[in-house]
Every structure is written in structure tokens, then in C-alpha cells.
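Data first, discussion second: the structure below is written as C-alpha cells.
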Amino acid sequence: MDFSFLIGGEAGQGIQSTGQILAKTLAKGGFNVFASQDFESRIRGGHNFFRIRASNKPIHAISEEINLIIALNEETITRHKSELKKNGLIIHDSGESPRILHPSPSFWIPFEELAIKKAGNKIMRNTVALGATLCLIKLDLEILTNVLRRVFADKGIEVVSKNIQAALAGFNYVKEHFSGTLNPYFPAKKESQLMLANGAESVALGALASDCKFMSGYPMTPSSGILHYFAGKSVDMNVVFEHAEDEIAALNMAIGASYAGARAMTATSGGGFSLMVEALSLAGMTETPVVIVLGQRPGPATGLPTRTEQSELDFAIYAGHGFFPRAVFAPSTPEECFYLTVKAFNIADKYQIPVIVLTDQLLADSYSTSSAFDPAKIEIDRGEFLSKSDLGAIGKYTYQRHQYTSSGVSPRAIPGNPYALVVTDSDEHTQAGHITESAETRTKMVQKRLKKLKGLRKEIEVPRGYGPKEASTVLISWGSTYGAMREAVDALNTPKEKVRMIHLSEIWPFPRESLAQQLKETKEIVVIESNATGQMAHLIKAETGISATKSILKFDGRPITSTYITRNFLEEAEN
Amino acid sequence: MVTINDYEGGETAWCPGCGNFQILEALKRGLVNLKLEPHQVLFVSGIGQAGKLPHYLKSNLFNGLHGRSLPVATGAKIANHELTVIAIDGDGGGYGEGCNHLIHAIRRNINLTYLVHNNQVYGLTKGQTSPTSEKGFITKTTPEGNFLQPLNPIALAISLGATFVARGYSARISHLTKLIEEGIKHEGFALIDVLQPCVSFNRLKTYKWYNKRVYDLNEDKEYDTSDKTVAFSKAQEWGEKIPIGIIYTSEKSSYEKQISALKTAPLIKQKYSMAKMKQIIDGFVQ
């Protein structure tokens with residue numbers, strides 16, 4: 001069973017919350033769920049939609065074909081009719097009476113009228129639609145009503161009971177009036193322990209579980225969700241979120257907090273990251289650990305603010321004046337957003353460097369089910385710190401923040417302790433952290449910072465492989481295109497044709513040896529990415545000397561889907 | 001018992017006669033008078049001749065980017081509010097490159113002391129016009145004379161409802177020492193604008209020029225620092241007579257006093273709770 005929903009309407013109609021409730025209901029019903037959002041940069045009007053795919057098998061991406069369209073306005077029908085699968089259905093309440101029907105297959109349900117009649121408020125019409133949906137897919141209504149109880153718990157008992165009445169009205173209407181057939185039967189597994197979260201929430205959860213104490217940020221799509229989630233938990237978790245005056249301040253604040261001993265991060269998109277670049281270099285020079293989330297969206301400049309792209313790989317790797325070591329991670333799923341954020345903090349502390357977590361709008365706003373993130377599995381590694389007694393032993397005020405060591409990493413001390421003064425400088429500095437112009441010190445300090453790369457390279461995981469090992473055609477993906485690639489590889493593998501994939505989530509320092517090893521004896525290499533110039537293909541060439549045979553690119557601001565990959569792959573093959 | 005010797009730092013790289021020497025002296029005296037030990041103090045500075053100051057004394061120091069001392073100081077203070085945090089910039093960094101941060105630090109009323117060495121000219125980059133340079137000031141970047149109206153930091157701070165606004169003069173070391181002490185003791189954001197001659201690049205604003213003009217506003221016992229209207233009019237006084245001293249004060253809760261997470265202990269001492277974390281994640285399952 002594999003079934004896809006699309007909920008569409010105008011901005012301001014509650015498409016997002018309705019989609020979330022249905023996604024949660026399906027997850028709670030025991031299904032694997034993947035959901036993504038498509039919205040315009042506006043508060044009212046326009047056309048927004050939310051896609052949900054549910055299956056009893058593991059799924060990794062949305063599907064282009066829809067089984068059930070929940071149309072909250074007329075435009076949803078005209079726009080998405082063609083995406084409907086054979087035997088699919090549109091439910092809607094457009095038109096003035098049931099007589100004005102859309103061509104089959106559609107089914108008119110008076111969402112608004114039922115909402116007013118049964119729940120006393122037309123605002124509940126989306127909940128009527130959800131109740132109707134549950135009846136159509138034969139899923140137990142109680143799963144939905146339980147989700148409604150939790151979602152609206154904060155709004156009081158009246159809101160909860162009205163929503164439940166609305167859901168029941170929709171459910172009963174379908175039961176009484178729908179005579180068509182819609183195949184699926186969603187047999188609920190009551191005790192599902194899967195969790196459902198989007199990429200933005202998962203990054204913020206990863207930060208909280210890493211004992212990140214301070215986040216500063218300036219709102220920017222698609223990373224605002226991270227700021228909102230972290231800020232929302234600040235009282236519960238005893239952490240601080242600061243809404244900075246600009247992105248320059250945001251990163252400088254995080255660096256200040258980190259210098260003073262708190263794990264700190266910021267999150268932004270390309271435009272904000274541009275403003276942070278000078279401070280990124282400052283973190284490199286002062287060897288201050290910090291985590292920066294760069295949520296990509298199509299540029300240049302303001303670009304397509306609410307849409308997706310993978311065009312800041314080069315930017316993340318090379319941004320900043322002067323050379324300093326850094327790590328760049330690009331998680332592929334919400335679950336990986338959680339665990340790679342944890343790793344980002346550990347690596348930042350261990351090597352005293354900035355670490356960039358590269359996400360994008362697709363990942364930030366996509367929900368998927370996974371086993372619950374486990375904070376007990378997490379090891380928090382703060383790197384080398386000198387204790388008060390260590391510092392006392394070396395003598396009062398003789399501590400040197402940037403001491404030369406064989407690893408290039410100098411043990412840290414927290415400012416405020418009675419034995420050490422912690423001194424650092426954005427100018428080239430001595431071991432004690434004071435400004436210097438000595439040629440000898442300069443050379444040694446550059447070498448010290450470079451030395452960290454040796455250890456850092458070893459931290460990078462081998463790129464993940466999937467598919468038959470003997471396949472001589474390799475598809476390469478990175479970051480959020482993972483799910484679409486997994487499904488494309490499954491679809492492309494036939495008894496005649498064999499393809500496999502290699503996916504990169506830990507991108508910098510580039511895993512050059514391990515990737516080159518995996519690409520040995522490969523005939524064809526196809527790199528799939530959401531940008532116009534093939535940045536990953538260039539990076540592979542620059543780092544390993546291996547050229548891709550071709551690239552499949554997409555840069556219209558919409559996500560790469562598995563059908564997009566298979567279609568382009570097969571067309572190319574035919575030519 | 002902390003003494004001035006505890007604060008003695010390395011060799012300076014300033015021009016002989018620079019007002020920075022006096023500011024450095026006032027700072028050391030102020031910290032000693034407040035019985036603060038070097039490790040209890042964090043200096044955050046930017047780039048410029050002012051930004052070098054903390055290298056010439058002993059304390060914790062984060063010498064960051066030009067104009068960005070305030071956000072770094074803000075982050076550090078939030079992380080550990082037990083530190084005495086002093087940010088230092090010149091008029092270029094404080095009122096030019098980083099002026100946006102000044103505006104918002106005042107709004108935040110975070111408990112920092114912000115010292116701006118105001119010599120009305122760029123020193124480190126060798127003599128260009130600054131945000132506080134007077135109109136007509138001829139420099140390498142303003143060969144026809146500066147066309148821009150000078151920024152009035154005192155009036156700006158008062159208009160934003162700052163809680164402590166003062167102006168010192170580097171050559172009045174004892175007076176400046178007192179201002180620094182008051183600024184540090186103040187629970188909230190303290191702006192201390194310090195008039196300072198630049199002996200290399202500002203031939204107009206010499207010691208002689210200032211000595212004739214400055215007077216201590218607070219010698220007038222009737223002067224009420226909490227009267228915003230009077231303070232604002234004093235902020236306009238410039239030319240024949242220039243007031244120095246504490247110009248404006250107001251009562252507001254400091255930023256860090258309002259944050260729940262900082263009520264019981266500094267942020268860096270808060271313990272992470274795995275139990276709470278598990279509870280939060282459970283919310284995504286149920």
C-alpha cells in the first residue's frame with residue numbers, strides 16, 4: 001500500500017497545519033510518512049500545497065502522482081487535476097451547489113456548511129475535510145481525534161471538541177453519501193512509536209540534545225523554523241535564544257557565547273550567510289567553535305525565497321578570507337539532521353573550528369517518519385579543556401590560549417576562572433593570544449591551524465552506498481536529494497540494467513580517498529544535484545581527479561523527484 | 001588585594017602623546033578601585049588604535065572584528081553574566097561600522113560598559129574622516145572637506161532611552177576613572193564616549209582646544225541626570241563649552257535579568273537535562 005495525498009488552497013487557509021495533522025494521523029496510524037510543502041512568499045492568497053505520502057513500506061520521498069486531492073479552493077483542482085492517478089479522487093466544496101460538479105473523478109462535500117452547522121464556525125472546514133478523508137481511506141477516526149486533542153490542547157477544551165465534531169461531520173457525510181470506490185484500506189497499527197518531524201525541527205532538537213546553550217539568529221526562510229523551535233523550548237531547557245539585529249551580530253554573538261564557554265549556534269540562509277562571512281573567518285582565526293546552519297534557497301540575491309536549491313556548496317566550503325579549517329555537513333533526512341547537528345557540535349569543539357550544516361528548503365520543510373531520536377545515544381564531546389587544577393598547576397595567568405601542539409588543537413580554558421586569562425585576537429597572535437607581526441610566529445600559527453586538518457579528515461564518514469555492488473553505473477547525490485535518489489535507484493534497477501548510488505552527507509573535508517576507492521571500475525558516473533552548474537561534480541573532479549560522465553541538474557526552485565531522475569537518466573541513455 | 005601592578009601589560013604601539021595612554025591609565029585605576037581582579041574582567045574590542053588597548057593590560061580579551069565588539073560582548077555576557085564585560089571601540093568602529101549594534105545594545109540594555117574613544121578621525125588607517133568629524137574637515141577621503149553632518153552619540157543614546165550616558169575627556173584622568181567606575185557599577189548598558197585628541201591626524205581638536213572648553217556637568221549639584229529633556233539639550237552643547245560627566249541615566253531592568261534561563265545561575269553553569277530532552281522528543285511520537 002502506497003498512497004499520496006495533496007492538500008491545496010490559498011495562503012492563510014491553514015494548509016500547513018491541516019497537512020501536519022493528516023501527516024501525524026497517518027504516522028500515528030503506523031504508516032511511514034513523507035510530506036513536503038510548497039508555498040509562495042506571501043501571507044494571504046496565492047496557491048500553497050502540502051503533499052503527503054503514506055506507505056506500509058519504507059519511503060524516502062514524495063511521489064509525483066496523487067491518489068487523493070483535498071481541494072480547499074477551486075485553483076487546487078485546476079492546477080493538480082493532471083497529477084491524479086488512475087482511480088484517484090478529488091474532494092472539494094467549490095461551486096455553489098452539489099449540482100455544479102467537476103468532471104469525475106471528484107466528490108463534492110459541503111466542508112464549510114458542515115463546519116458551520118456542526119461546529120459553529122466555518123474555520124473548522126479543514127477539519128471536516130480531514131474527517132472525510134479518514135472515512136475515504138477507512139482509517140479509524142479515533143486516531144485523528146486523538147491527534148486533534150493533542151494539537152489543540154493549548155487552545156482549550158472547546159476548540160478541541162468543536163474540531164472533533166467537525167471531523168465527525170466530515171466522516172459521516174462520506175459514509176452516507178459516497179458511493180464510489182477508493183481502494184485503500186489503512187489498517188491501523190495502534191501502537192506506532194515512529195516520530196514525525198521536519199528538517200528544521202530536527203536540527204533544533206539536535207542542538208538541544210547537544211547541550212547547545214545559546215542560539216542567535218535573524219529570521220530568514222528556510223531556517224526560521226530552527227530559530228522558532230529553539231526559542232520555543234528556551235524556558236523548558238534553560239537555554240537562550242537571541243533575536244539579533246542582523247546576521248553579522250548573530251554570528252558574532254554566537255562566537256562571543258562560545259568563547260565564554262557555552263555551546264553556540266546560528267541559522268540562516270544564503271543572504272544572511274553572506275553577511276556572516278567575515279565572522280566565519282573570525283571563528284577560524286580565534287579558533288572558536290561554532291555551528292552555522294546554512295539553509296539553501298535559490299539565489300542569487302533574494303532569489304526564490306520559499307523554494308529549494310543546492311547552490312551553496314561552493315559557498316559553504318570556500319567562504320571567508322584567509323585559510324582556516326572547517327567542516328561542512330549536508331544531512332539527507334530529518335533524522336540525519338538530528339544526528340549530524342550533534343556531530344557538528346562535537347567536531348566544532350574537538351577541533352575548535354566553525355562547522356557548517358548545509359540544509360535547504362526541501363529538507364527544512366519536509367516531514368518524515370523515523371524511529372524516535374535517542375538522546376541517550378549521543379555522546380557530547382567538548383574537546384580539550386583545562387580544569388581549574390590544571391590551570392593552577394601551570395601557574396597563575398600563564399595559560400596560553402593558542403599554545404602550539406602536535407595536533408594543532410590548544411586546550412581551552414573558560415574565562416572567569418581565577419588561574420587563567422583567556423586572550424585571543426582576530427589579528428595574527430602569539431601563543432598567549434596577543435597581537436603580533438612576527439614573521440616566525442605567523443608561519444608557526446598558520447601551520448598550527450592547518451595541522452588540525454589531519455585529525456579532522458579522519459572524522460569524515462565514508463560516503464554511503466546503495467544498490468547492487470556490481471553495477472558499473474553510479475549515481476551520486478548529496479544532501480536532501482537522497483530520498484529521491486534512493487527511489488530512483490530502486491526504479492532503475494531491472495534484471496537487465498544495474499545502477500547503484502553513492503551519497504555524500506559529510507562533505508568537507510572532502511572524503512577524497514574513500515570516494516575514489518568506491519568509484520574504481522565504474523564506467524558511468526552521473527551526478528544529480530539541484531543547481532545549474534554541477535557544483536558537486538566539479539568538487540569531485542577537483543578533489544579526486546575523477547570526471548562525471550554527466551550531470552542531471554534541476555534549478556527551477558522545485559525539488560528533484562525520483563521520476564525526474566529516472567526520466568532524465570533514461571532519456572539520456574536513449575540519446 | 002589587587003593593585004595597579006596586577007594590570008600591567010605589554011609594550012604599546014601608539015604614537016607618543018596619544019590620548020589612549022590616559023584612557024588606559026584611567027581604566028586600570030577604575031578596575032583597581034572596584035577591586036576587580038584581571039580574571040574577573042573580559043575586554044572585547046574591535047580593530048583600530050582603541051581596539052589595541054586591552055592588549056596593553058592584563059585581563060581576558062577577545063579582540064574581534066572592526067565594529068563588532070558589541071555583539072561578541074553581548075554573547076559572552078549572556079553566556080556568563082558573572083564576568084565584568086567592557087567593550088572598546090573607536091568612533092569609526094562604534095559609530096560607523098558598528099552603529100547598528102550600538103542602537104540595539106542600548107535597546108537591549110545589556111549589562112556592559114561600552115567605551116568609545118572618540119578622536120573624530122581614523123587613526124589606524126591614517127587620517128580619514130570619521131562619523132563624528134565636523135563638517136568641512138579635510139582628509140584624504142574628503143579632499144573638498146567632509147560634507148556629512150557629524151553624528152552626536154550622546155543625543156542618539158538619550159533618544160533611544162539609554163540607561164547610562166556619559167562623556168569623558170582623556171586628559172582628565174581622575175574624572176574619567178570615576179566615570180568608568182560608575183559605568184561598570186551601572187546595572188545595564190553604559191555608554192562612555194571619551195573625547196580624545198589624535199596627535200597625528202587631527203590638528204583641530206588638540207589638548208589645548210579641549211582644555212579650554214570642557215567642563216564637568218556634575219559639578220552643578222542641581223543637574224538632574226534623570227531629566228531627559230535637560231539631558232537632551234545638554235547633548236547639543238558643543239563649541240565654546242563642552243559638557244563632560246554623566247549626562248543621562250534612567251532606570252530599566254537589564255536584559256539578562258529578564259531571561260528565565262539566567263535566573264538561577266550563569267548560562268554556562270546550567271545543567272543539561274536528558275530527561276527533559278526525552279520528554280520533548282516523546283511529544284513527536286505521541
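Below, read A as the first sequence line, B as the second, and so on, with proteins coming before strands; counting in each chain starts at 1. Note that the structure is a prediction, hence the values are computed from the model and not measured.
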When B:P38, B:S69, B:G64 are compared by non-hydrogen pairs under 4.5 Å with chain A, the top option:
B:P38
Among A:I255, A:L208, A:N146, which residue has the highest count of heavy-atom pairs closer than 4.5 Å to chain B?
A:L208
Donor on one side chain, acceptor on other, B:H55 and A:D425, under 3.5 Å:
yes
Report the option among B:I259, B:N80, B:N100, B:D282 that has the most heavy-atom pairs separated by less than 4.5 Å from atoms of chain A.
B:N100
A:Y367 versus chain B, the contacting section by heavy-atom distance below 4.5 Å:
neither
Toward chain B, the part of A:A27 with a non-hydrogen atom under 4.5 Å:
neither
Closest non-hydrogen atom pair between B:A79 and A:A260, with its separation
CB-CB, 3.8 Å
Side chains of A:D246 and B:H101: closer than 4.5 Å at any heavy-atom pair?
yes
Around atom NZ of B:K263, are there more than 12 heavy atoms of other residues, nucleotides or ligands at under 6.0 Å?
yes
Would you say CZ of B:F43 has more than 12 non-hydrogen atoms from neighbouring residues, nucleotides or ligands within 6.0 angstrom?
yes
Heavy-atom proximity to chain A below 4.5 Å, by part of B:Y255
side chain
Where does A:T369 contact chain B at under 4.5 Å (heavy atoms): side chain, backbone, both or neither?
neither
Student check: side-chain heavy atoms of A:E245 and B:R108 closer than 4.5 Å:
yes
Sort out for me which of A:G416, A:A420, A:G261 touches chain B most, counting heavy-atom pairs under 4.5 Å.
A:G416
For A:Y259, is it the side chain, the backbone, both or neither that has a heavy atom under 4.5 Å from a heavy atom of chain B?
side chain
For A:Y339, I'd like to know if atom OH has over 12 heavy atoms of other residues, nucleotides or ligands within 6.0 Å.
yes
Report which part of A:V422 has an atom under 4.5 Å of a heavy atom belonging to chain B: side chain, backbone, both, or neither.
both
Does a donor on one side chain and an acceptor on the other come within less than 3.5 Å for B:H39 and A:Y397?
yes
Less than 4.5 Å to any heavy atom of chain B: does that hold for the side chain of A:A264, its backbone, both, or neither?
neither
Answer with side chain, backbone, both or neither: which region of A:S216 has an atom nearer than 4.5 Å to a non-hydrogen atom of chain B?
neither
Ignoring hydrogens, what is the shortest heavy-atom contact between B:L65 and A:S426? Give both atom names and the distance.
N-OG, 4.3 Å
Apply side-chain contact (heavy atoms from CB on, under 4.5 Å) to residues B:M277 and A:L205 and explain how you reach the verdict.
CA-CA 8 Å; B:M277 194 65 224; A:L205 288 170; 3.9 Å; yes
Counting heavy-atom pairs under 4.5 Å with chain A, which one of B:E37, B:R68, B:K276 comes out on top?
B:R68
Cut-off 4.5 Å, heavy atoms of chain A, and the answer for B:R107 is neither
Supply the atom-to-atom distance B:F284 CZ to A:S370 OG, rounded to the nearest 0.5 angstrom.
10.5 Å
Contact origin within B:K58 toward chain A - heavy atom pairs under 4.5 Å:
both
Which atoms of B:I78 approach chain A - backbone, side chain, both or neither, heavy atom under 4.5 Å:
side chain
Heavy-atom distances under 4.5 Å only: say whether A:N417 touches chain B with side chain, backbone, both or neither.
backbone
Would you say that more than 12 heavy atoms from the other residues, nucleotides or ligands in this model lie under 6.0 Å from the NZ of B:K126, or not?
no
Find out whether A:D427 and B:K52 are in side-chain contact, i.e. whether some heavy atom of one side chain is under 4.5 Å from a heavy atom of the other.
no
Between B:S59, B:S260, B:S273, B:A13, who has the most heavy-atom pairs with chain A when the cutoff is under 4.5 Å?
B:S59
Could you measure the distance from the CD1 atom of B:I47 to the CD1 atom of A:I435? Nearest 0.5 Å is fine.
7.0 Å
Are the side chains of B:N63 and A:H429 in contact, using a 4.5 Å heavy-atom criterion?
no
Donor-acceptor pair, distance only, cut-off 3.5 Å: does the side chain of B:Y272 make one with the backbone of A:K213?
no
Report the C-alpha distance between A:Y229 and B:I280 in whole Å, list the side-chain angles of each, state the deciding distance to 0.1 Å, and finish with yes or no for side-chain contact (heavy atoms from CB on, under 4.5 Å).
CA-CA 11 Å; A:Y229 192 82; B:I280 287 173; 3.2 Å; yes
Of the backbone (N, CA, C, O) and the side chain (C-beta and beyond), which part of B:L267 lies under 4.5 Å from a heavy atom of chain A, both, or neither?
both
Measuring heavy-atom distances to chain A, does B:L70 have an atom under 4.5 Å in its side chain, in its backbone, in both, or in neither?
neither
Is there a side-chain contact between A:L282 and B:F62 in this structure, where contact means two heavy atoms from C-beta onward sitting under 4.5 Å apart?
yes
Chain B interface, residue from A:A432, A:A250, A:P375, A:G433 that has the most non-hydrogen pairs under 4.5 Å
A:P375
Which bit of B:Q270 is near chain A, if near means a heavy-atom gap under 4.5 Å: side chain, backbone, both or neither?
both
Heavy-atom distance under 4.5 Å to chain A: side chain of B:L262, backbone, both or neither?
side chain
Toward chain B, the part of A:A209 with a non-hydrogen atom under 4.5 Å
both
Any donor-acceptor pair under 3.5 Å from A:K24 side chain to B:V285 backbone:
no
Give the minimum heavy-atom separation between A:V240 and B:A261, together with the two atoms involved.
CG2-CB, 4.1 Å
Contact class of A:I378 relative to chain B, heavy atoms under 4.5 angstrom:
neither
Looking only at A:A254, A:A249, A:A262, A:A372, most heavy-atom pairs under 4.5 Å shared with chain B are made by A:A249
Value rounded to 0.5 Å, distance of OG in A:S258 from CD1 in B:I268:
11.5 Å
Working to the nearest 0.5 Å, report the span between CD1 of A:I414 and NZ of B:K269.
9.5 Å
